[in-house]
Amino acid sequence: LAYLSRELGTIIREKDGFSDINDFKRKDFNKDELLTIFKDLEFNSFIKKMGLESSGDEQEIQEAICCETISNLESFEKIVNQLSREKLLSILPVFKKTGRVGNMLEIIGIGTEEKYYFASTETIDEISLAKAVKVILESEDITLISYNIKELYTWCLYHNTEIHCQLFDLMIAEYLIDALASSYTIPGLSRKYLGIEVEMPKEKKRKGRQIELEQVEENPVELLGKAISTFRAIYEKQKDIIDKSKQNYLFYDVELPLSLVLGSMEYYGFRVDKQYLEEYGARLDYRIKSLEQTIYMLACEEFNINSPKQLGVILFEKMGLKAVKKTKTGYSTDADSLNEIIDSHEIIPCILEYRQLTKLKSTYAEGLVKEINPETGRIHSSFNQTVTATGRISSTEPNLQNIPVRTELGREIRQAFIPKDGYVFVDADYSQIELRVLAHITGDEVLQNAFRDGIDIHTLTASQVFNVSMNNVTPDMRRSAKAVNFGIIYGIGDFSLAKDIGVSRKEAARYIENYLSTYPRIRDYMENTVKFGKEKGYVETMFHRVRHIPELKSPNYQVREFGKRVAMNTPIQGSAADIIKIAMVKVWHELKKNNLKSRLILQVHDELIIETAIDEVEQVKEIVKTNMESAAELSAPLVADVSVGSTWFEAK
DNA sequence: GCGATCAGCC
DNA sequence: TATTGTGCTGATCGCA
């Protein structure tokens with residue numbers, strides 16, 4: 001072996017045929033082939049850099065596009081009226097991001113396949129423009145092909161306009177076709193479906209310095225015209241795929257209307273008590289300062305506690321504590337690791353508390369205040385519909401889906417979330433939705449019956465796993481069983497379960513085995529869904545949301561195992577996501593239909609929050625509960641628990 | 001600007 | 001044999 005290694009490691013220094021150094025120069029390359037490779041790999045900046053843009057057929061298409069810019073209101077109104085008699089229209093608005101809640105419109109393009117019309121707010125004022133397009137947006141006979149209808153809808157709400165068109169949104173369609181695509185841009189879609197290169201006008205950079213390069217600004221209408229002219233053809237192709245994947249219900253009845261629901265949630269926002277947050281932050285600060293001093297004293301040195309690197313050096317080198325785990329760059333200092341050595345030095349609990357408090361202060365106390373809109377006094381988070389691999393929605397700027405709740409101190413932040421005057425919160429959350437979905441799709445009757453009979457599911461699992469009767473289950477056993485239940489959903493192994501509930505690995509393995517033999521259908525499901533995923537390359541939810549899992553074919557063991565867990569978890573988490581989306585659409589319609597003042601303002605995966613007018617509380621409670629529980633018919637019935645409170649803290 | 005680490009939620 | 005629970009977003013550090 002040593003000889004073999006030596007041979008492998010020896011550099012061959014003599015080789016014939018390379019006498020001329022010029023042979024090593026880069027020669028001409030096959031442009032077409034390189035372009036295909038780069039396109040395939042999405043090396044778009046290389047394509048640009050090397051001037052590989054194809055030109056042939058593109059030119060023809062561009063010349064076929066018929067675009068007109070309209071610069072006075074009367075002509076625009078006339079054209080819009082004409083267009084409102086059409087059946088199928090494409091629409092492409094461009095917004096400028098400002099502090100205003102409905103973004104500011106810059107340009108809007110509308111048209112049929114034959115011709116597209118553009119209007120700019122530079123020549124026609126925004127309000128008149130909004131009034132003009134109302135005839136189109138509020139017509140139920142038109143199918144509107146859009147890109148990012150949510151953004152258009154928040155703008156509509158600002159201008160007191162509704163959208164009643166039949167919708168087809170290219171971004172959302174693509175999300176259902178491939179939930180894992182990294183971005184859903186118009187140029188990306190047009191490249192994928194039509195092989196056409198289009199470009200979107202660059203957003204003007206607001207960087208203060210240097211205006212030279214950015215000012216080049218080609219005629220935006222020219223670019224936009226080309227972009228909107230691809231909508232119709234992309235629509236045809238996506239429509240087909242969605243239909244063939246049995247996603248019509250999910251797309252037309254869930255995701256598209258949901259887009260408007262999310263738009264309105266963003267538009268209305270969540271009222272926040274700024275003063276409360278500031279006082280809360282000050283309170284934290286007082287304690288943080290004191291902890292800081294204690295830590296410096298115990299370490300006999302000042303250092304940056306926020307730096308895991310510096311902290312690691314202090315704890316594990318200077319103070320000689322035992323490191324239990326390593327990361328790829330050094331010592332592990334996360335809460336799990338520190339908790340294992342919590343008794344070895346009094347500095348450890350201080351650090352843990354310091355971490356908790358600084359998190360609360362910077363992310364929540366300070367972070368949330370920054371997001372309060374000065375005009376509305378409310379926080380207008382963005383709800384993204386095309387981010388997650390499982391179908392959940394995500395929330396950013398700020399993330400309202402991770403507001404603390406577990407620790408008492410953190411939970412107090414929820415007292416800053418208040419309703420507008422004369423309103424309260426109705427808060428409804430699904431009870432055990434993922435386990436009910438699990439019971440439903442596995443067909444396990446023991447589990448289903450337990451849910452039907454309203455039995456406490458963790459206690460039941462405990463009695464099965466530990467082989468004791470239901471009334472002999474201790475709180476400790478129940479806690480472990482709860483971990484087992486969640487672990488099953490995530491596709492857990494004995495190692496992690498053991499660590500989670502603090503038993504030996506063997507013990508944990510026995511729990512899992514007990515569980516799977518008590519619920520044989522669950523074992524079957526886990527095996528079958530992985531098999532399905534391997535054969536088809538994807539798994540799907542109850543409503544045919546699809547997730548491709550290329551990891552299942554990976555040569556790498558770890559990656560493949562990850563693929564298996566994903567295959568087991570996605571149909572469960574994803575179906576639960578489908579269900580609450582259905583519920584949101586139903587609740588939203590019902591509030592509208594009854595002309596209520598109450599508004600859905602937040603979703604947190606299994607929970608809905610409605611800012612409710614005091615005189616509508618009883619009605620809203622009823623609407624939320626029945627619509628959530630009837631969102632899907634499961635053989636383990638859905639249950640939603642509803643409560644009312646005058647802050648988010650109280651409503652839970 | 002970006003990866004790594006940590007921490008918050010379901 | 002080696003490894004080990006899904007899905008997210010944000011703050012901070014430290015390097016390039």
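In the text below, chain A, chain B and the rest are named by the order of the sequence lines, each starting its count at 1.
- For A:Arg406 against B:dC9, no side-chain N or O and base N or O form a donor-acceptor pair under 3.5 Å.
- Of the candidate nucleotides B:dT5, C:dC15, B:dA7, C:dC15 has the atom lying nearest to any side-chain atom of A:Lys309.
- Taking atom CZ of A:Phe303 as the reference point, atom P of C:dT12 lies 17 Å away to the nearest angstrom.
- Nucleic acid contact class of A:Tyr364 (heavy atoms, under 4.0 Å, all strands): sugar-phosphate only.
- For A:Thr396, the side-chain atoms get nearest to C:dT9 when compared with the rest of C:dC8, B:dG8, C:dT9.
- Distances from the side chain of A:Thr329 to the nucleotides B:dA4, C:dG10, C:dT4 place B:dA4 closest.
- Rounded to whole Å, the distance from CG on A:Asn485 to C1' on B:dC10 is 16 Å.
- Checked against B:dC9, C:dC8, C:dG10, the side chain of A:Glu397 finds its nearest nucleotide in C:dG10.
- The nearest whole Å value for the distance from the NZ atom in A:Lys326 to the P atom in B:dA4 is 17 Å.
- Ion pair A:Asp494/A:Arg505 flagged as a salt bridge, since at least one NZ, NE, NH1 or NH2 atom sits closer than 4.0 Å to an Asp/Glu carboxylate oxygen.
- We find that OH of A:Tyr331 is positioned 14 Å from P of B:dC6, with the value rounded to whole Å.
- Taking the side chain of A:Asn402 as heavy atoms from C-beta on, and the options B:dG8, B:dC6, C:dG7, the nearest nucleotide is B:dG8.
- Using a cut-off of 4.0 Å between Lys/Arg side-chain N and Asp/Glu carboxylate O, A:Glu611 and A:Arg378 are scored as salt-bridged.
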Applying salt bridge (charged side-chain N to carboxylate O under 4.0 Å, His left out), run through A:Lys289 and A:Glu292 and close with a yes or a no. CA-CA 5 Å; A:Lys289 289 253 162 58; A:Glu292 214 172 74; over 6 Å; no
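- Counting any heavy atom pair closer than 4.0 Å across all strands shown, A:Asp494 reaches no nucleic acid atom.
- Within 4.0 Å of A:Glu434, counting heavy atoms only, lies no atom of the nucleic acid at all.
- Rounded to whole Å, atom P of B:dC9 lies 14 Å from atom CZ of A:Phe649.
- Closest to the side chain of A:Asn569, from the set C:dT3, C:dT6, C:dT12, is C:dT6.
- One P atom belongs to B:dC6, the other to C:dT4, and the distance between them is 15 Å to the nearest Å.
- For A:Arg560 and C:dA2, the CZ to C1' distance is 12 Å, given to the nearest whole Å.
- In the set C:dT12, B:dG8, C:dT3, the nucleotide with an atom closest to the side chain of A:Tyr557 is C:dT3.
- As judged by a 4.0 angstrom heavy-atom cut-off over every strand, A:Thr333 is placed among residues touching the sugar-phosphate backbone only.
- Backbone-only contact: A:Gln356 has heavy atoms under 4.0 Å from sugar-phosphate atoms and none from a base.
- A:Phe417 and A:Trp648 have perpendicular rings, their planes meeting at more than 60° on a 0 to 90° scale where under 30° would count as parallel.
- Distances from the side chain of A:Arg392 to the nucleotides C:dG7, B:dC6, B:dC9 place C:dG7 closest.
- Closest contact between the side chain of A:Asn399 and the listed nucleotides C:dA11, C:dT6, C:dT9 involves C:dT9.
- Listed nucleotides C:dT4, C:dG7, B:dA7 differ in distance to A:Arg565; the shortest reach to its side chain belongs to C:dT4.
- Checked by distance alone, A:Gln573 brings a side-chain donor or acceptor within 3.5 Å of a matching partner on the base of C:dT6.
- One interatomic measurement links the two molecules: NZ of A:Lys328 to C1' of C:dG14, which rounds to 16 Å at whole-angstrom precision.
- A salt bridge links A:Glu507 with A:Arg510: the closest approach of a Lys/Arg side-chain nitrogen to an acidic carboxylate oxygen falls below 4.0 angstrom.
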